[in-house]
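When reading the values below, keep in mind they use all heavy atoms of this one structure, side chains included, and skip hydrogens, waters and symmetry mates. This one's a predicted model, so the numbers in the text were calculated from it and none came from an experiment. Numbered from 1 within each chain, the chains take letters A, B, ... in sequence-line order.
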Amino acid sequence: MLTHDQLQKTPLYDEHLALKARMVPFGGWEMPVQYDGIIKEHDHTRQIVSIFDISHMGEFIVDGDCVECGLDAIVTMPLVDLPVGSCRYGCILNEQGGVIDDLIVFRIEERKWFLVVNGATTQKDKAHFQKHLKEGAVFKDVSFQTGKIDIQGPLSFNVLSSFVADVGKLDYYTCDYFDLLGERVLISRTGYTGELGYEIYFPWEKTKDLWQELIGHDSVQPAGLGARDILRIEMGYSLYGHELEENISPLESGLSRFVSFDKDFIGKDVLLKQKKEGLTRRIVGISSENRRAPRQGQRIYLGSGEEIGVVTSGTFSPSLNKGIGFGFVKTQHADSGSPVIFGDNKSKNAAVISSRAFYKDGSLRNKTV
Amino acid sequence: METVEHLLYTKEHEWINIEDGEATVGISDYAQESLGDITFIELPSVGDEVEQFGEFVSVESVKAASDVFSPMSGEVIAVNEDLNENPGMINKSPYEKGWIARIKLSDSEEQSNLMTADEYSKFLVSVG
């Protein structure tokens with residue numbers, strides 16, 4: 001593990017310390033896991049509105065025609081038909097069809113693309129893009145110029161519109177440039193919580209000013225990575241390093257709808273083969289019969305004791321008042337409703353296989369205008 | 001971090017309140033604070049025999065699973081059933097409503113292996 005001094009710090013590091021956040025290493029960064037309490041922060045996001053420091057994530061800009069410059073063939077989702085001002089989620093794969101990273105691509109101009117990737121994988125993603133982009137593509141890594149604050153929760157529009165009057169024009173998974181605190185900045189209506197929300201890309205050295213303005217609003221509380229993890233698991237969202245890895249295909253991790261077989265992309269051959277021959281393992285939801293949560297690395301068993309899979313993420317869900325999680329199981333045991341047991345040498349707990357979309361009452365698609 | 005004067009403490013951050021050969025056991029304010037929101041507890045059964053510093057309860061917080069060790073040996077004579085539905089009571093009231101179990105002690109001399117509130121406070125300073 002990296003020592004304290006080797007960890008990267010976001011532009012909001014001092015703000016977190018001032019708020020007495022508990023800081024932890026996360027993907028090479030020193031990040032706030034909680035401020036006041038993880039469940040409180042979760043509840044505030046579901047019911048009101050929270051801000052999250054997500055400045056550790058990587059951002060790239062690619063200039064060029066998406067097909068000619070090779071970008072379209074690096075990502076699994078289609079780009080040709082993506083309207084300017086829209087965002088699309090997908091993956092970048094290796095030649096074996098394994099996931100190098102998941103990402104969101106924004107079409108900010110006809111021939112200009114903004115890519116948001118995970119913090120821990122930014123360097124390898126960069127190398128992958130630079131290797132596979134063709135001549136004519138202009139690639140820029142703007143990760144260390146770009147701070148990022150997510151504002152998420154049913155009241156996020158009410159709060160953000162007091163700073164950006166016309167932000168209500170953004171529909172789910174669209175983006176545009178807006179004037180905010182004297183800066184012209186990119187804002188997308190996206191998120192990782194299942195609630196109505198926005199992600200704001202702000203100049204690195206001024207991100208602190210934005211944080212202070214937002215947190216000065218009566219409704220807004222800060223939320224850490226602990227709450228963010230629960231919120232995303234309740235929604236069935238994958239996390240790189242858990243459900244997504246270089247030896248896992250997006251079909252196995254339940255991301256088929258973010259893979260377009262109508263175009264060419266790196267890793268397509270292997271995925272086509274998997275599709276034809278059938279998958280041997282598949283991601284499932286695990287719904288505990290009580291408050292005990294499955295934990296990453298625990299095994300999944302049938303009642304007979306036969307081991308059928310492994311847990312990738314898990315948490316206590318405050319929204320459902322029980323333990324929930326994800327895991328990979330052998331395909332023949334992946335049907336929803338099947339009783340299973342999760343655990344390790346110390347404890348075993350009953351659960352059922354379920355859909356990964358545990359929480360269904362989120363405000364993410366709410367109309368704002 | 002809050003401690004309570006008349007209780008005895010372990011290095012694993014449990015407390016015990018001894019009264020006439022019986023005792024109530026729980027975890028300290030420091031322990032609940034370090035664990036964060038407690039979301040699940042697996043209580044022992046009444047009648048279980050426990051050993052001093054032996055595992056007897058597991059607790060889970062949103063972040064991790066941990067073991068709780070019995071401060072002294074004896075037989076479990078009651079458990080705080082309320083914690084099954086409301087384990088967060090340990091966070092709110094670690095020394096009172098968040099008690100975990102009552103034990104009939106088998107060896108009262110074991111208390112010499114425990115710390116007083118004053119010693120525990122100093123121990124907390126030393127572990128940072």
Mark yes or no for whether A:R291, through its side chain, and B:F40, through its backbone, hold a donor-acceptor pair below 3.5 Å.
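Absent.
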Are there over 12 heavy-atom neighbours, none belonging to [X], within less than 6.0 Å of that residue's [atom1]?
X	atom1	value
B:E96	CD	no
B:E85	CD	no
A:K348	NZ	yes
A:E245	CD	yes
B:E109	CD	no

Please report the C-alpha distance between A:Q34 and B:V62 in whole Å, then the side-chain angles of each, then the deciding distance to 0.1 Å, and finally whether the side-chain contact (heavy atoms from CB on, under 4.5 Å) criterion is met.
CA-CA 11 Å; A:Q34 71 166 65; B:V62 282; 5.7 Å; no
Under a 4.5 Å heavy-atom cut-off, does chain B meet the side chain of A:D229, its backbone, both or neither?
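Neither part.
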Engaged part of A:R292 at the chain B interface, taking heavy atoms whose separation is under 4.5 Å:
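Backbone plus side chain of A:R292, per the 4.5 Å heavy-atom cut-off to chain B.
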Please examine the side chains of B:E42 and A:K346, heavy atoms only from C-beta on, and report whether any two atoms are closer than 4.5 Å.
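In short, these two side chains do not touch, never coming nearer than 4.5 Å.
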Can you confirm whether A:I39 sits close enough to B:T39 that some side-chain heavy atom of one is under 4.5 Å from a side-chain heavy atom of the other?
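They are in side-chain contact.
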Mind checking the NZ-CG spacing from B:K63 to A:L225? Nearest 0.5 Å is all I need.
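Answer rounded to 0.5 Å: 12.0 Å.
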Report the option among B:N91, B:D37, B:D67, B:I41 that has the most heavy-atom pairs separated by less than 4.5 Å from atoms of chain A.
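Winner by heavy-atom pair count: B:D37.
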Region of B:N84 in contact with chain A, defined by heavy-atom distances below 4.5 Å
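For B:N84, the backbone is the part near chain A, not the side chain.
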